[in-house]
Amino acid sequence: MDVMTKSKPFALAPLPYDEAALAPTISAKTMSFHYGKHHKAYVDKLNELAKGTGYAEMKLPDVVQATFKDSSKQAIFNNAAQAWNHAFFWACLTPRGGAPEGGLMAALERDLGGYERFKDEFAKQGAAQFGSGWVWLVADKGKLKIEKTPDAVTPMAQGKTCLLTIDVWEHAYYLDYQNRRPDFLKAVIGNLLNWDFAAQNFERAG
Ligand SMILES: [Fe+2]
């Protein structure tokens with residue numbers, strides 16, 4: 001999926017799989033609310049806020065980057081970033097989760113101590129994000145890093161290349177895991193991460 005595609009007005013792209021495809025790790029009910037209500041609401045609100053402004057003519061990532069760190073544009077940033085983050089998140093998941101290979105596996109070993117260490121640290125950082133937010137695998141100046149961000153903040157706005165993410169807002173897991181965010185993270189990391197998508201992003205990072 002190309003999350004960079006221009007869409008006007010901003011569109012809610014279809015999920016790359018059926019809502020039930022990620023069960024039991026993520027239930028169809030969670031997907032129905034998360035995609036059909038939460039993600040849709042960010043896209044709808046973005047269209048409302050962008051209407052009649054120059055932002056309506058821009059690509060979604062450009063809106064995110066243009067409004068980041070501008071407190072007078074906080075509402076449009078929040079909704080644009082959440083629209084982008086969620087589309088990216090759906091692409092990071094697959095019912096056929098595997099393991100990293102090739103150049104990406106070598107980079108994980110070089111920068112993060114290997115795949116097993118990555119899995120532990122990704123889960124740890126995701127659990128450590130206080131309140132709502134995201135955990136990311138990014139490439140920054142040729143180096144892989146794990147980062148957590150609050151609310152809608154996205155490393156993409158900071159010029160980093162996102163490889164993978166997991167949404168750690170409560171709406172992402174509460175129906176299936178209640179307050180057990182670490183269990184949700186462990187299950188998603190073990191079962192659903194789309195390493196082919198991560199490898200494509202890694203190649204784009206150069
Ligand atoms: Fe979410």
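Atoms within a ligand are numbered from 1 in the order they appear, just like the ligands themselves. Note that the coordinates shown come from a computational prediction; the quantities given were computed from them, not determined experimentally.
For the ring-ring contact (aromatic ring centres under 6.0 Å, His included) with H34, the qualifying choice from Y42, Y173, W90 is W90, the only one to do so.
Taking a cutoff of 4.0 Å between a charged side-chain nitrogen and a carboxylate oxygen, K40 and D44 qualify as a salt bridge.
In this model, a donor atom of one side chain and an acceptor atom of the other lie less than 3.5 Å apart for N85 and Q82. For the residue pair Q125 / Q129, no side-chain donor-acceptor distance below 3.5 Å is found, with atom types taken as modelled.
Within the structure, salt bridge (charged side-chain N to carboxylate O under 4.0 Å, His left out) contacts touching residues 163-177 (residues at least two apart or in different chains) do not occur.
Here the Fe ion (ligand 1) has protein N, O or S atoms under 2.8 Å from it, and they come to 4.
You'll find the ring centres of F197 and F88 inside the 6.0 Å limit.
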